[in-house]
Amino acid sequence: MTRGGQILCRAALLLWAGAATAQTITQAEYTDPTTRYAHGVLGDAVEWGALRLTLSDGRHLVMTLPDTLVFEDTSPRLADLDGDGRPEVVVVESSLTAGARLAVYGPAGRIAATPHIGTRNRWLAPVGVADLDGDGRVELAYVDRPHLANRLRVWRYDAGTLTHLADADGLTNHKIGWDFIPGGIRDCGTGPQMITADAGWQQVMATQFDGTRLISQPIAPYTAPRDLDAALSCP
């Protein structure tokens with residue numbers, strides 16, 4: 001191919017990418033199952049190698065990870081993080097050598113990500129997405145190493161970046177082998193509350209972010225995962 005032809009191809013790709021970016025993501029799913037990362041925290045050794053997005057004009061985009069990464073997750077989550085009326089996609093990516101991180105995708109690819117935990121076979125379990133402190137900006141919450149560290153972490157998404165805000169220890173939302181993540185975020189009139197269990201799996205916990213720190217309190221006994229899901233319904 002001539003140099004002129006290469007330039008034309010690049011220009012066409014840029015135009016196509018711009019058109020895709022202008023579309024709204026209506027659906028996201030993981031594809032390309034892979035066994036290259038034998039962690040098995042979600043009950044088997046199969047993870048995902050690609051993310052497939054459906055756009056509002058009916059087109060499909062596939063984001064394929066390099067062999068050093070997998071999507072180690074239950075399902076992608078659609079959430080409007082920047083307030084433009086079009087959702088981004090929140091996922092868990094794991095490095096074969098450095099463990100999990102939370103990442104945000106759009107039609108043009110990965111937008112932002114937290115640092116990897118730092119060691120292989122270390123995972124995080126998302127809690128949810130909300131404006132946790134009522135300042136008009138959106139936060140993302142997850143439990144870092146829910147089987148080991150039991151640390152709730154909150155990050156703010158702003159202008160395409162993720163900034164760490166606060167941590168709280170002694171909280172969890174997942175047991176090894178579960179292919180689901182119970183709990184999430186509720187708002188019963190006093191602001192968003194993150195619903196998890198305590199690290200000993202004795203209490204259902206509600207945690208609020210006041211803009212500076214995380215404040216947790218028990219709200220019910222824990223007997224089974226359904227207790228975390230039930231707590232999402234306000235009394």
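The OG1 atom of T172 sits 12.5 Å away from atom CZ of R151, with the distance rounded to the nearest 0.5 Å. Interatomic distance, CG of L69 versus NE2 of H116, reported as 5.5 Å (0.5 Å rounding). Interatomic distance, CD1 of I176 versus NE2 of H147, reported as 5.0 Å (0.5 Å rounding). Taken to the nearest 0.5 Å, the CH2 atom of W123 stands 9.5 Å off from the CD1 atom of I117. Separation of atoms CD (Q23) and CG (L53) is listed at 12.5 Å; rounding is to 0.5 Å. Atom CD of Q27 is separated from atom OG of S56 by 13.0 Å, given to the nearest 0.5 angstrom.
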Test side chain to side chain contact (heavy atoms under 4.5 Å, CB included) applied to L102 and W155, step by step: CA-CA 10 Å; L102 200 69; W155 298 69; 5.9 Å; no

Please output the side-chain donor-acceptor pairs of residues 204-211 that fall under 3.5 Å, not counting sequence neighbours, one pair per line with the distance.
unit_1: T207; atom_1: OG1; unit_2: S216; atom_2: OG; d: 2.6
unit_1: Q208; atom_1: NE2; unit_2: T190; atom_2: O; d: 2.9
unit_1: D210; atom_1: OD1; unit_2: T212; atom_2: N; d: 2.8
unit_1: D210; atom_1: OD1; unit_2: R213; atom_2: N; d: 2.7

Taking only distance into account, with no hydrogens and no angle test, what donor-acceptor pairs under 3.5 Å do side-chain atoms of residues 124-134 form with protein atoms, sequence neighbours excluded?
unit_1: D131; atom_1: OD1; unit_2: G134; atom_2: N; d: 3.0
unit_1: D131; atom_1: OD1; unit_2: D135; atom_2: N; d: 3.2
unit_1: D131; atom_1: OD2; unit_2: D135; atom_2: N; d: 3.4
unit_1: D131; atom_1: OD2; unit_2: G136; atom_2: N; d: 2.7
unit_1: D133; atom_1: OD2; unit_2: R156; atom_2: NH2; d: 2.9

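Put simply, the side chain of V143 does not reach to within 4.5 Å of the side chain of H174, judged on heavy atoms. The side-chain heavy atoms of L152 and L214, taken from C-beta on, include a pair separated by under 4.5 Å. Using a 4.5 Å heavy-atom cutoff, the side chains of L81 and V90 are in contact. Between R86 and I25, every side-chain heavy-atom pair lies at or beyond the 4.5 Å cut-off.
Residues forming a side chain to side chain donor-acceptor pair (under 3.5 Å) with Q193 (at least two apart in sequence, or on another chain): R186. Under the salt bridge (charged side-chain N to carboxylate O under 4.0 Å, His left out) criterion, D73 pairs with R77, sequence neighbours left out. For H164, the side chain to side chain donor-acceptor pair (under 3.5 Å) criterion is met by R153, D167, not counting sequence neighbours. Legend: residues meeting ring-ring contact (aromatic ring centres under 6.0 Å, His included) with Y157, ordered by chain and number and at least two apart, are absent. Take H39 and apply the ring-ring contact (aromatic ring centres under 6.0 Å, His included) test, not counting sequence neighbours, and it matches Y37.
In the hydrophobic clustering, V46 connects to no other residue, as no ILVMFWY side-chain heavy atoms lie under 4.5 Å from its own.
The two atoms that bring A112 and G160 nearest to each other are CB-O, 3.5 Å, heavy atoms only. Nearest heavy-atom pair, V91 versus F71, reported as atom, atom and distance to 0.1 Å: CG2-CE2, 3.7 Å. Between A45 and A38, the closest heavy-atom pair is CB-CA, 4.4 Å. Residues V92 and A100 come closest through the heavy atom pair CG1-CB, 4.0 Å. Closest of all the heavy-atom pairs between P107 and L61 is O-CD1, 3.2 Å.
Applying the salt bridge (Lys or Arg N to Asp or Glu O under 4.0 Å) definition to pairs two or more places apart or across chains, none involves residues 215-230. Evaluation of the salt bridge (Lys or Arg N to Asp or Glu O under 4.0 Å) test over residues 89-109, restricted to residues two or more places apart or in two chains, returns E93-R101, E93-R110. Among residue pairs with one or both ends in residues 213-235, those qualifying as ring-ring contact (aromatic ring centres under 6.0 Å, His included) are W201-Y222; sequence neighbours excluded. For residues 23-48, the salt bridge (Lys or Arg N to Asp or Glu O under 4.0 Å) pairs, not counting sequence neighbours, are E29-R52, R36-D67.
For the pair R120 (side chain) and L96 (backbone), a donor-acceptor distance under 3.5 Å is present.
Of the listed residues (I195, N150, T196), just one forms a side-chain contact (heavy atoms from CB on, under 4.5 Å) with L171, and that residue is T196.
Following chains of ILVMFWY side-chain contacts shorter than 4.5 Å, one cannot reach I185 starting from L228, and the two form parts of different hydrophobic clusters. When the side chains of ILVMFWY residues are joined at heavy-atom separations under 4.5 Å, either directly or via intervening members, W48 and Y105 end up in a single hydrophobic cluster. Cluster annotation: V138 is connected to L162 through the hydrophobic network of ILVMFWY side chains, with a link wherever side-chain heavy atoms come within less than 4.5 Å. Tracing side-chain contacts under 4.5 Å through hydrophobic residues (I, L, V, M, F, W, Y), one reaches L65 starting from V89; they form part of the same cluster. Side-chain heavy atoms closer than 4.5 Å link hydrophobic residues (I, L, V, M, F, W, Y) into clusters, and following such links, even through other members, never connects V104 to L55.
Ring geometry for W178 against F180 counts as parallel: the plane angle stays under 30°, on a 0 to 90° scale with 60° as the upper cut.
Between the side chains of T54 and H60, at least one donor N or O sits under 3.5 Å from an acceptor N or O.
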